[in-house]
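To find a chain, count down the sequence lines: A is the first, B the second, and so on, and within it residues start at 1. Bear in mind the structure is a predicted one, so any value in this text is a computation, not a measurement.
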Amino acid sequence: MRITKKIKAEQVAILEAVYSDVKPALRFRNPFELLIAVILSAQCTDVRVNITTERLFAKAPDAEAIIAMGLAELEKEIKDCGLFRNKAKNIMATCHILAEEFGGQVPEDFDTLLKLPGVGRKTANVVTSIAFNRPAIAVDTHVFRVSNRLKLAVGETPLEVEEGLMKAIPQTLWSQAHHWLIWHGRRVCKARKPLCEECPLGEVCPSRGRV
DNA sequence: CTCCCGATAT
DNA sequence: ATATCAGGAG
């Protein structure tokens, strides 16, 4: 199958129709909680992150409280999420920067977010898009895999896919499209055993049956 | 490129 | 038993 702009537009239309009601899987009450939840979500399921953050934020709901808790205690709190030494160190360093440079608040500027320890392009895009409601497409493992399989956006790096998606999708839909692709990736276009037979995008997917 | 890493799905 | 999970840093 040759992927034309018309087919990409059809893929976007189907995704929008099927996944119009999806919302973020990570639970959070403010930009700070979202930032910490996304840092924790690396190589970890959203279900496990939600269990962890509910306990963590009950004890330490902001940057000052996490600093007061100390690194050893923070490591215990987030251990179940994996990569816990790196994540704890990064979260602690980020909390210090937030407390000392931004009055405990999460900065809205994208490049400022990127400089925070443990915050890469994907996390910065999630915060930009979801917490601050500005157009951005965060490319995580699901978005990367689904975009490449559909050839909606092809690339060997998340940045290449992000740029391709921004061309293929109207800016007003960027933030939603991120969620469409994630949900599609989890429920249907799964990494291990994709459900091509029951995929609503089967007719417009060049990878159908050969993954 | 490698390392970090426990929990979960298959 | 192994692949994968809302990645990022060195």
Side-chain angles (χ1 to χ4, degrees), chain A residues 15 19 22-29 31-57 71-98 106 110-133 136-149 153 155-162 165 174-198 211:
Chain A
L15 286 166
Y19 299 107
V22 300
K23 53 186 172 78
L26 297 173
R27 284 197 236 105
F28 63 98
R29 291 169 291 186
F32 175 78
E33 291 192 355
L34 178 62
L35 174 63
I36 302 305
V38 178
I39 292 175
L40 286 174
S41 71
Q43 298 296 292
C44 181
T45 63
D46 58 288
V47 174
R48 176 53 53 186
V49 172
N50 285 334
I51 294 170
T52 299
T53 53
E54 183 173 6
R55 269 191 312 136
L56 174 63
F57 296 146
L71 185 59
E73 183 66 19
L74 179 60
E75 285 187 352
K76 286 185 191 172
E77 287 290 332
I78 70 170
K79 185 167 165 291
D80 289 350
C81 291
L83 310 179
F84 66 94
R85 289 185 192 79
N86 284 333
K87 288 175 181 176
K89 190 190 312 174
N90 287 331
I91 288 170
M92 189 59 75
T94 284
C95 283
H96 274 283
I97 293 174
L98 296 185
V106 178
F110 182 81
D111 293 318
T112 305
L113 284 168
L114 262 187
K115 291 176 188 165
L116 296 171
V119 178
R121 190 170 187 88
K122 178 257 177 177
T123 299
N125 271 323
V126 170
V127 172
T128 295
S129 171
I130 300 179
F132 300 129
N133 199 28
I137 302 180
V139 178
D140 59 39
T141 182
H142 298 299
V143 174
F144 184 81
R145 179 183 66 252
V146 173
S147 297
N148 270 304
R149 283 180 178 169
E156 297 190 353
T157 68
L159 179 57
E160 289 174 8
V161 170
E162 180 185 337
L165 287 173
W174 285 358
S175 295
Q176 302 174 50
H178 160 70
H179 289 109
W180 303 340
L181 293 167
I182 284 184
W183 279 95
H184 186 62
R186 303 165 101 190
R187 310 286 282 264
V188 182
C189 196
K190 300 189 288 185
R192 195 90 79 105
K193 188 185 162 204
L195 307 177
C196 295
E197 298 77 11
E198 53 189 84
V211 181

- Which residues, if any, of residues 71-80 of chain A bring a heavy atom under 4.0 Å of DNA chain B? K79(A), D80(A)
- Query: With a non-hydrogen cut-off below 4.0 angstrom, is G120(A) in contact with a base, only sugar-phosphate, or nothing?
  - Reply: sugar-phosphate
- Crowding at CZ, R187(A) (>12 non-hydrogen neighbours, <6.0 Å): no
- Base, sugar-phosphate, or nothing: which does K190(A) touch, judged by heavy atoms less than 4.0 Å apart? sugar-phosphate
- Those residues at least two apart in sequence (or on a different chain) that pass salt bridge (charged side-chain N to carboxylate O under 4.0 Å, His left out) with R29(A) are E33(A)
- Note on the structure: Between R85(A) and R48(A), the residue closer to the 5' end of DNA chain B by nearest nucleotide is R85(A)
- Message: Any non-hydrogen side-chain atom of T157(A) less than 4.5 Å from a side-chain atom of F144(A)?
- Response: no
- For residues 111-130 of chain A, the salt bridge (Lys or Arg N to Asp or Glu O under 4.0 Å) pairs (sequence neighbours left out) are R121(A)-E162(A)
- For atom P, what is the distance between dG10(C) and dC5(B), given to the nearest Å? 14 Å
- Message: Need one value for A25(A): base, sugar-phosphate or nothing, where a base atom within 4.0 Å counts as base even if backbone is also close, heavy atoms only.
- Response: base
- Message: Nearest whole Å is fine: how far is dC5(B) P from L40(A) CG?
- Response: 13 Å
- Query: Looking across every strand, which nucleic acid part, if any, lies under 4.0 Å from P24(A) by heavy atom: base, sugar-phosphate, or nothing?
  - Reply: base
- Is V119(A) touching bases, backbone alone, or none of the nucleic acid, heavy atoms closer than 4.0 Å? sugar-phosphate
- Message: Given L26(A), which partner from the list V49(A), T53(A), L40(A) fulfils the side-chain contact (heavy atoms from CB on, under 4.5 Å) test?
- Response: V49(A)
- Query: What is the distance, rounded to the nearest whole Å, between atom CG of L83(A) and atom P of dA7(B)?
  - Reply: 12 Å
- Item | 4.5 Å side-chain heavy-atom contact, V106(A) and L113(A) | yes
- Query: What does R192(A) touch in the nucleic acid at a heavy-atom separation under 4.0 angstrom: a base, only the sugar-phosphate, or nothing?
  - Reply: base
- Scan residues 136-149 of chain A for pairs that pass side-chain hydrogen bond (donor to acceptor under 3.5 Å, both in side chains), counting only residues two or more places apart or in two chains. H142(A)-R145(A)
- Message: With rounding to the closest Å, how many angstrom separate the P atoms on dA6(C) and dC4(B)?
- Response: 22 Å
- Extract, from 5' to 3' on DNA chain C, the first and final nucleotides lying under 4.0 angstrom from some heavy atom of chain A. dT2(C) to dA9(C)
- Not counting sequence neighbours, list each pair that qualifies as a side-chain hydrogen bond (donor to acceptor under 3.5 Å, both in side chains) and has a residue in residues 81-92 of chain A. none
- Ring centroid separation for H184(A) and Y19(A), is it under 6.0 angstrom? yes
